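Shown next, in C-alpha cells, is the structure this report addresses.
Keep in mind it's a predicted model, so treat the numbers as computed, not measured.
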There are 2 protein chains.
Amino acid sequence: MKMNEGVEWAVHACCLLAPLGPDRGLSLAALADYHGVPAPYMAKQMQALSKAGIVRTSRGARGGYALGRGADAITLLDVVRAVDGAVPMFRCTEIRQRGPCASPRKDCAAPCPIARAFAGAEAAWRGALGAVTIADLVATVGRDGTPAHLGKIMQWFGAEARQLPSVG
Amino acid sequence: MKMNEGVEWAVHACCLLAPLGPDRGLSLAALADYHGVPAPYMAKQMQALSKAGIVRTSRGARGGYALGRGADAITLLDVVRAVDGAVPMFRCTEIRQRGPCASPRKDCAAPCPIARAFAGAEAAWRGALGAVTIADLVATVGRDGTPAHLGKIMQWFGAEARQLPSVG
DNA sequence: CATTATTCGGATATTGAATATCCATATTGA
DNA sequence: TCAATATGGATATTCAATATCCGAATAATG
C-alpha cells in the first residue's frame, strides 16, 4: 500500500509553480532539474496534472507548464487523484458470496460491513487531504527561510521562469 | 496505492473465528475453503496474524487457528498492520535537499510540510481503522440474516470447528 | 512409550501486474 | 526552416500475488 512516488514530485512542482502566477511557467527540463529527478518520468506526472487541469501547458519553443488555477484552489487530494488515480485502496471482492456458505447474491444488496468500514477510513483520509491546498504549503516548502537560500531561488527563477502565452 | 489483497481475507478470517471463542478454531484448509481463496496464500496471511498475536495456532493433528484475544480487542488497524505492514503510504524523499537550489541539510531538521500534511491524513485514516473492532463487524459479515443461511453456517461449523488445546 | 498422521512454519520459485524509465513523434515559436 | 519542447507509446524493472516444497512440531493412536 505504497503511494505512487510521482505524487511527491507533482506536489513539489505545484509548489514551485505557484509563486510564478498564472502567466509564467517553467519547462519540463527546468522542473526536473530543480527537483533532481529524471526528466522523462517527471514528464509523466506533469502530463497527468495537465489532463486534470491542475496545470496548463504550452508546447513548442519556450513552452512549459504553469498553474492552471489559483494555488488556493488546488488541494493535495486533487494532485493525488490526478497522479495516483482515484481507485480506492481497499477493494471488496465479495468474499461473502464465495465458498461453501456463500450468501446468495440477492441478499448482498447492502455493501459488506468490512468494505464499509474501510471506505469510511478512506473518506477520512481524503477529507484531510482535501483540506490542504498548495497555497497552504507554498510558503515554506523547499525553502529553509534563510536569505541566502531565498536569493538562490530568486536567481534561479530569473534564469528559468518564462512568460507563457496568455490564457485569454 | 492499493492495499494488499490479503487484508480482506484476514479480516474475514477473524470475523469467522470470532464466534468460535478462544478455545475453538479452524484449520488452514477450512479457512481457505470457506472463503474460496487459494490455501497457500491464505497461509501467508494467517502466519502474519499469528506473528502479530492476533490469532494463536496449534500444530499437529486437529490443530488450527483460533483468535488470540477477544474480538473486541482486535481492531482493523491491528489486522492491517499485521498483514500489510506499517510502512507509511507517503514516503518523503527529501526533494528539498536536491537540485540546484537544495536546502542544506542542517536547515531541514523539521519535516517537510508536504510530508507532514500526508502524515496527518494517514493518521486520520489509522484513527478510523483503529476505532472499528472485529466484534463490531462479526454480527453481520458473511451472513445475510436468513435462517437458511445461518443454518448452513452452523452445519459447516459443526463439521469443521475443532477444540484446540487450552491456552492455560 | 513409540509411531504415525496431521498441521503449521518458513523458504523458494513462478507468474502477472504495476511502476519507473526511455525513445520517437508531433508541435510550436523564433 | 530550425531548434526547442510537450506528448504518447514502448520498454525495462520492480513488486505483489500465487503455487510448491520440505522441515518442525504436535496430538492422536495402538
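To the nearest angstrom, C1' of D:dT7 lies 14 Å from CG of A:L49. With rounding to whole Å, B:L31 atom CG is found 8 Å from C:dC8 atom P. If you take CG of A:D33 and P of D:dT5, they are 13 Å apart, rounded to a whole angstrom. When the P atom of C:dT7 is taken as reference, atom CG of B:L26 falls 12 Å away, rounded to whole Å. At whole-Å resolution of the value, CZ in B:R162 and P in D:dA27 are 13 Å apart. Between B:L28 atom CG and D:dC21 atom C1' there is a gap of 15 Å when expressed in whole angstrom units. In this entry the distance linking CD of A:Q163 with P of C:dG29 reads 14 Å, nearest Å. For B:E160 and C:dT7, the CD to C1' distance is 14 Å, given to the nearest whole Å.
Contact annotation: the side chain of A:F157 approaches that of A:L16 to within less than 4.5 Å [non-hydrogen atoms, C-beta and beyond]. Put simply, the side chain of A:W9 does not reach to within 4.5 Å of the side chain of A:H35, judged on heavy atoms. In this structure the side chain of B:F118 reaches within 4.5 angstrom of the side chain of A:M3, judged on heavy atoms. Side-chain contact between B:N4 and A:M1: absent, with no pair of heavy atoms (C-beta onward) separated by less than 4.5 Å.
Taking 4.0 angstrom as the limit, B:T57 places none of its side-chain polar atoms (N or O) nearer than this to OP1 or OP2 of C:dT7. Contact check, B:S58 against D:dT26: no side-chain N or O comes under 4.0 Å of OP1 or OP2.
Base contact: B:G60 has a heavy atom under 4.0 Å from a base atom.
Pairing partner, C:dA20: D:dT11, with both Watson-Crick or wobble hydrogen-bond distances short of 3.5 Å.
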Verdict with reasoning, A:R98 to B:V37, per side chain to side chain contact (heavy atoms under 4.5 Å, CB included): CA-CA 9 Å; A:R98 290 149 67 175; B:V37 301; 3.5 Å; yes

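A donor-acceptor contact under 3.5 Å is formed by the side chain of B:R59 with the base of D:dA24.
A salt bridge links B:E122 with B:R126: the closest approach of a Lys/Arg side-chain nitrogen to an acidic carboxylate oxygen falls below 4.0 angstrom.
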Counting primed atoms, P, OP1 and OP2 as sugar-phosphate and everything else as base, the B/S/- map of nucleotides 9-20 of chain D against protein heavy atoms under 4.0 Å is BB------SBBB

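Nearest-nucleotide positions on DNA chain C place B:G63 closer to the 5' end than the other of B:G63 and B:Q47. Each of A:R62 and A:K51 was assigned the nucleotide of DNA chain D with the nearest heavy atom; the assignment lying further toward the 5' end belongs to A:R62.
Side-chain polar atoms of A:T93 and B:E8 form a donor-acceptor pair below 3.5 angstrom.
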